[in-house]
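Note sheet for the following structure.
Note: hydrogens, waters and symmetry copies are ignored here, and every other heavy atom, side chains too, is used. Only a predicted model underlies this, so the values are computations on that prediction, with no experimental measurement involved. Quick note on labels: first sequence line is chain A, next is B, and so on, each numbered from 1.
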Protein chains: 2
Amino acid sequence: MATTPAAGTRGRPRSFDREAALEQALRLFWQHGYEATSVADLTAAMGIRPPSLYAAFGDKRTLFAEVVARYRESHGAYTTRAYAEEPTARAGVARMLREAAAELADPEHPWGCLMISSTVNCTSPEVAQAVREQRNANVRALESRIRADVAAGREPADTDPALLAQFTAAVLQGMSQRARDGAGRAELEQVAAAAMRVWP
Amino acid sequence: MATTPAAGTRGRPRSFDREAALEQALRLFWQHGYEATSVADLTAAMGIRPPSLYAAFGDKRTLFAEVVARYRESHGAYTTRAYAEEPTARAGVARMLREAAAELADPEHPWGCLMISSTVNCTSPEVAQAVREQRNANVRALESRIRADVAAGREPADTDPALLAQFTAAVLQGMSQRARDGAGRAELEQVAAAAMRVWP
DNA sequence: CGCCTTCTGTAGTGCTCGATATAGAATTGG
DNA sequence: CCAATTCTATATCGAGCACTACAGAAGGCG
């Protein structure tokens, strides 16, 4: 029974920046979606060969899962940040939608939201379902937040948590689609502001 | 110089129902999108072999174009019908969104809107752009309709045509995405009703 | 009947897909 | 130094993609 060698030190070192390669993968999946991004596209953008990709990230599916997690913690973090930092659900949603307008139409990166668009028309049920459940979990989390604020008296009693969560999700996902169709930041900010008139 | 023979009478007759085959193609493109629907999927659902498909419909791209046109005249006709038959833009949009809720979540056919979802993440720029332009044309047409109604005094003077057209498009496209994620008719009808509170 | 036209089925075309077998290169541990 | 380990590059795998060449079948027309 041999002693387990210290992991990661032995052997030929990796010849590329794993973080930078992951960021390249994120851009490609964001722009073209999960299926339309080929391993050949990924390796070309990363500047590596397929065996290096598979050694560093597993297969295409696990790489995509890592990309989704990275997106949530970077470009997609504005949602949870808005809810966490604003005192009321209403203020959180207003800020989230306002920041979404700027983010979704930002010319510095692909338009729209990776969580929303990248798995549309995906032939892998597992991949599609995994991201779908994250979207639906976001809707439920928002509904819980609104409900808690109503219970605590921070929102009017006639506030409808389920409706407003569904409505906010629909508006955000619609804004993402509109951004992909070329809608600009100013137009999306108007949509975001208009959506807040629905609140009591 | 031979006289042109009467088209369609000579030769071996087609052995399948072209309309029924087109409807099968519509269902497949609706459910899986343009790229994820393979010619093998299409021929299997139509009960024919590839040469018959190509003889009757051209290639996959022209078949899809015919499917899009068919969708607009059938399942997607509720939009133009609502605008045409209602006296005001506001009533037209209210009816369109209400009917959309029922249509997008109808268990009798694939969820969501074919015009919205079937070309997301499409690698063919031509196909994606063709459908995108139809979506954007719908937004412009609605804006024109609202503007005309404001000019004619059928809508309040503080009605914002550009904003309401963008907002309505975002809500409709978001409802389509929510339907694809499993949102039911009742939830979408609530979203549709809520969206109308934005109007002055 | 025989000819022409059109459609159908078999069986492929070349291409791209995700993923990998194999061998060599680069590093640590002894 | 040598051995063990890990990564990299070349070349390729079988499967699926959109599409089609070819030959035969099925009809109208003379």
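- You'll find that the side chain of Ser38(B) is closest to dA18(D), out of dG27(D), dT8(D), dA18(D).
- If you check every strand for non-hydrogen atoms under 4.0 Å, Thr123(B) touches nothing.
- No engagement by Ser124(A) is indicated, since no non-hydrogen atom pair under 4.0 Å with the nucleic acid exists.
- Atom CZ in Arg61(B) sits roughly 20 Å away from atom P in dC17(D) (whole-Å rounding).
- Rounded to an integer number of Å, the gap from CG of Leu53(A) to P of dT20(C) is 12 Å.
- The shortest distance between the side-chain N/O atoms of Ser15(A) and the OP1/OP2 oxygens of dC7(D) is not below 4.0 Å.
- Here the nucleotide nearest the side chain of Arg10(A), chosen from dA26(C), dA26(D), dA4(D), is dA4(D).
- Nearer the 5' end of DNA chain D, as judged by each residue's closest nucleotide, is the contact made by Pro50(A), out of Pro50(A) and Asp59(B).
- Atom CZ of Arg90(B) and atom CD of Glu155(B) lie 7.5 Å apart (nearest 0.5 Å).
- Of the candidate nucleotides dC19(D), dC17(D), dA19(C), dA19(C) has the atom nearest to the side chain of Lys60(A).
- Atom CZ in Arg14(B) sits about 15 Å away from atom P in dG28(D), given to the nearest Å.
- Remark: C1' of dC17(D) and NE2 of His32(B) are 16 Å apart, rounded to the nearest angstrom.
- Taking the six-membered ring where the residue is Trp, His109(A) and His75(A) present perpendicular rings, their angle passing 60° and hence far from 30°.
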Derivation of the side chain to side chain contact (heavy atoms under 4.5 Å, CB included) call for Asp41(B) and His32(B): CA-CA 10 Å; Asp41(B) 293 334; His32(B) 305 293; 5.7 Å; no
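- Considering only the side chain of Pro13(B), dA26(D) comes nearest among dA26(D), dG18(C), dG29(C).
- None of Trp30(A), Phe57(A), Tyr34(A) except one satisfies the ring-ring contact (aromatic ring centres under 6.0 Å, His included) rule with Phe64(A); the exception is Tyr34(A).
- Residue Pro51(A) places its side chain closer to dA9(D) than to any other of dA25(C), dA9(D), dC17(D).
- Listed pair Ser52(B) / dC7(C) fails the phosphate criterion, with no side-chain N or O lying under 4.0 Å from OP1 or OP2.
- One side chain, Gln129(B) or Arg132(B), offers a donor N or O that lies under 3.5 Å from an acceptor on the other.
- For the pair Ile48(B) CD1 and dA25(D) P, the interatomic distance rounds to 21 Å; values are reported in whole Å.
- In this structure, the nucleotide among dA18(D), dT20(C), dT8(D) sitting nearest to the side chain of Tyr54(A) is dT20(C).
- One can place CG of Leu63(A) at 10 Å from P of dA19(C), the figure rounded to the nearest angstrom.
- Comparing Gly11(B) and Ala55(B) by the nucleotide of DNA chain C whose heavy atom lies nearest to each, the residue mapping closer to the 5' end is Gly11(B).
- For the atom pair CZ of Arg81(B) and CD of Glu86(B), the computed distance is 11.5 Å after rounding to the nearest 0.5 Å.
- Following rounding to the nearest Å, Glu35(A) (CD) and dT16(C) (P) show an atom-to-atom distance of 18 Å.
- If you measure from atom CZ of Arg12(A) to atom P of dG29(C), you get 18 Å, rounded to the nearest angstrom.
- When the side-chain nitrogen and oxygen atoms of Arg49(A) are compared with OP1 and OP2 of dA9(D), one or more of them lie within a distance under 4.0 Å.
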